[in-house]
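One structure is given below, encoded as structure tokens.
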Amino acid sequence: MAMVCVHIRLVMAAIALLILTAAAPASAQQPSSLDPNANAVNEQQLLQEFERIQGRGSIPDAKSYVIEQPQGRAWRQYREVTLPLIGTIAMLGMIVLLAIFFLVRGMIRIRSGRSGINIVRFNAIERFVHWMTATCFVLMALTGLNITFGRVALLPLIGPSAFSSWSLFAKYLHNFLSFPFTIGVILIFFMWLVGNIPNRVDIEWLRRGGGIIGKDQPPAYRFNAGQKIIYWIVVLGGAAVAVSGYVLMFPFYGTTIAGMQLAQMVHGTVAVLFIAVMIAHAYIGTIGMEGAFEAMGTGTVDLNWAKEHHSLWLEQERARNGPGELQRQPSATPAE
Ligand code: HEM
């Protein structure tokens, strides 16, 4: 019996040895069973983690233990190089384009001259909301651009003491003006929504160059396609800077470091593009087109201006008020 047991043990040991020797070379020849792209061995990730400086801390805010990290360097590159580049190209590019356009096209005149009859275009509430939002926008643009460009463009000119006093004031102004600016954008959204819903007339207006490019005068209702584009840029751009701006203003309320970095990138990028568009808006509302500024200045426009730029709106106004009702105070410039 003992001999049988010894034989069984020997046979089992031989089988085990056979399995081991068969399996060992098989696994040794198949290193590819490991995924070289798996996170644990991703070389790119290892390189990115290089130069991460993180310590230990005693305060509850664990974010503060990280002194330096790869993602932070990528964000810093965007904030200090890419964003100022985008801003410079967009804003200076727009100014150069408008200057060339002005030299080529000049001011768009009222072709049939002034009629001497003014009609109401924007009431007092509309003008108040427009100018409140516009004033906030200009001041927020200047104080915001101080954050992006001030250290390079202004600090060498006025010195550290004046620059820090101005920057502190500018920062408070930027923060506090955010409230009337947000209210203004919301009011603009509701006040002019109906007139800014795109329709078929807009396609025709755009196809015919809007009377800005070329000499055509395509019909338009109260707002033409160009003004509708501006309206939606203000509403959507305003919402984007407001949401991202409040995330920056109340840091880490439900956001991480990555969330804060994203908010800064969205805020800065949308802001500089927004400023470039508003430069074009201000151009066409002043030196770009005769008779346009009055609409937001006094609230009235010349009848011939309305005929040439918003003929369908004029028809609507006539049908609503009767032709006599449209005639308000005679304009300062008599008809020629
Ligand atoms: C509700 C509206 C807004 C809020 C709450 C807001 C808030 C902020 C905050 C908190 C910052 C960061 C300041 C810092 O780094 O200390 C900032 C930066 C900035 N804001 Fe605004 N902002 C608003 C609207 C605007 C508008 C309308 C513009 C432009 C016309 C603008 C342009 C900028 C610019 C250019 C920066 C600097 C971006 C950078 O280089 O980091 N902001 N804003």
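Order of appearance sets the numbers: ligands from 1, and atoms from 1 within every ligand. Just so you know, these numbers come straight off a predicted model, no measurement behind them.
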Around [atom], find the nearest protein heavy atom and jot down its residue, atom name and distance.
| atom | answer |
| --- | --- |
| atom 27 (C) of ligand 1 | F181 CZ, 3.6 Å |
| atom 34 (C) of ligand 1 | G144 CA, 3.5 Å |
| atom 26 (C) of ligand 1 | M140 CB, 4.0 Å |
| atom 1 (C) of ligand 1 | T182 OG1, 3.2 Å |
| atom 32 (C) of ligand 1 | A271 CB, 3.4 Å |
| atom 30 (C) of ligand 1 | F137 CE1, 3.4 Å |
| atom 14 (C) of ligand 1 | K171 CE, 3.8 Å |
| atom 11 (C) of ligand 1 | L248 CD1, 3.8 Å |

Could [X] and [Y] be called an ion pair, given the rule that one side-chain N must be under 4.0 Å from one carboxylate O?
| X | Y | result |
| --- | --- | --- |
| R222 | E126 | yes |
| R208 | E204 | yes |
| E68 | R73 | yes |

Ligand 1 N/O within reach of H267 N/O, cut-off under 3.5 Å: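 The answer is yes, given that H267 and ligand 1 share an N or O pair closer than 3.5 Å.
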
Any N or O of T148 closer than 3.5 Å to N or O of ligand 1: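 Looking only at distances, the answer is yes, because the N/O contact criterion of under 3.5 Å is met.
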
Shortest reach to atom 31 (C) of ligand 1 by a heavy atom, considering only M249, M265, H174, Q264: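 Minimum heavy-atom distance to atom 31 (C) of ligand 1 goes to H174.
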
Nearest candidate to atom 15 (O) of ligand 1, where distance is taken over non-hydrogen atoms, out of V185, V272, I147: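 Of the listed residues, I147 has the closest heavy atom.
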
Centroid-centroid distance, F122 to W192, less than 6.0 Å: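 Centroid distance F122-W192: below 6.0 Å, so yes.
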
Nearest heavy-atom neighbours spanning L83 and Q264: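 What the structure gives for the nearest pair is CD2-NE2, 3.8 Å.
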
Within 45° cone and under 6.0 Å: R109 NZ/CZ vs W305 ring: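 Pair R109/W305 does not count as cation-pi.
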
